[in-house]
Colleague: 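Following this message is one structure expressed as structure tokens.
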Amino acid sequence: MPVAENFANPLPTWQRVLWLLAGIASLVLGFVGIFVPLLPTTPFVLLAAFCFSRGSSRCERWLLNHKLFGPMVRDWRATRAVPLRAKQLASVMMLFGSVTAWFKLPLLWAWLPAASCACVAWWLWRLPTRKP
């Protein structure tokens, strides 16, 4: 059995590659979520940080030091809480996106964005609220 060269991450290479790809996909979705109301940014960025922590310490460091995404990841890791303002803004944006989708999508699919956003909002509001 070969000795792992990366002592900080003893996972096999194929698993690290899968974690890295999942992190990249999550980060892309988080970035798109900045511009698309139905797609929440923060959960995808946090998921990317989780994936990078298992797949690539270099990508994890880059994300933690990123000007836009780094503070939310560092804050989450430090407090495991979400600011009230972020919860409110995310909820309003998801509501806006769900209402827009209701009028734009065929009736057969119009309920899907609202159901997805309701699940995300339920999860979000169950998280502790960070004190200012």
Colleague: Taking salt bridge (Lys or Arg N to Asp or Glu O under 4.0 Å) as the test, write out the residues that go with Arg85, two or more places apart.
Modeller: none
Colleague: Can you give each donor-acceptor pair under 3.5 Å made by side-chain atoms of residues 117-132, sequence neighbours left out, with the distance rounded to 0.1 Å?
Modeller:
unit_1: Trp125; atom_1: NE1; unit_2: Ser91; atom_2: OG; d: 2.7
unit_1: Thr129; atom_1: OG1; unit_2: Lys87; atom_2: NZ; d: 2.7
unit_1: Arg130; atom_1: NH1; unit_2: Asp75; atom_2: OD1; d: 3.2
unit_1: Arg130; atom_1: NH1; unit_2: Asp75; atom_2: OD2; d: 2.5

Colleague: Tell me, please, which residues at least two apart from Thr79 pass side-chain hydrogen bond (donor to acceptor under 3.5 Å, both in side chains).
Modeller: none
Colleague: For Trp76, check ring-ring contact (aromatic ring centres under 6.0 Å, His included) against everything at least two apart and list the hits.
Modeller: none
Colleague: What is the distance from atom OG of Ser26 to atom CZ of Phe52, rounded to the nearest 0.5 Å?
Modeller: 8.0 Å
Colleague: Go through the structure and list residues passing side-chain hydrogen bond (donor to acceptor under 3.5 Å, both in side chains) with Arg77, not counting sequence neighbours.
Modeller: Glu60
Colleague: My understanding is that only residues two or more places apart in sequence, or in another chain, count here; which of them pass side-chain contact (heavy atoms from CB on, under 4.5 Å) with Val36?
Modeller: Val32, Leu39
Colleague: Who passes side-chain contact (heavy atoms from CB on, under 4.5 Å) against Ala114, sequence neighbours left out?
Modeller: Ser98
Colleague: Could you identify which residues cluster with Met93, counting Ile, Leu, Val, Met, Phe, Trp and Tyr as linked when any side-chain heavy atoms lie under 4.5 Å apart, either directly or through a chain of such contacts?
Modeller: Leu89
Colleague: Tell me every residue that passes side-chain contact (heavy atoms from CB on, under 4.5 Å) with Phe31, counting only those two or more places apart in sequence or in another chain.
Modeller: Ile34, Phe35, Phe69
Colleague: Listed by chain and number, what are the side-chain contact (heavy atoms from CB on, under 4.5 Å) partners of Leu107, not counting sequence neighbours?
Modeller: Trp102
Colleague: Return the CE to NE2 distance between Met72 and His66, rounded to the nearest 0.5 Å.
Modeller: 10.0 Å
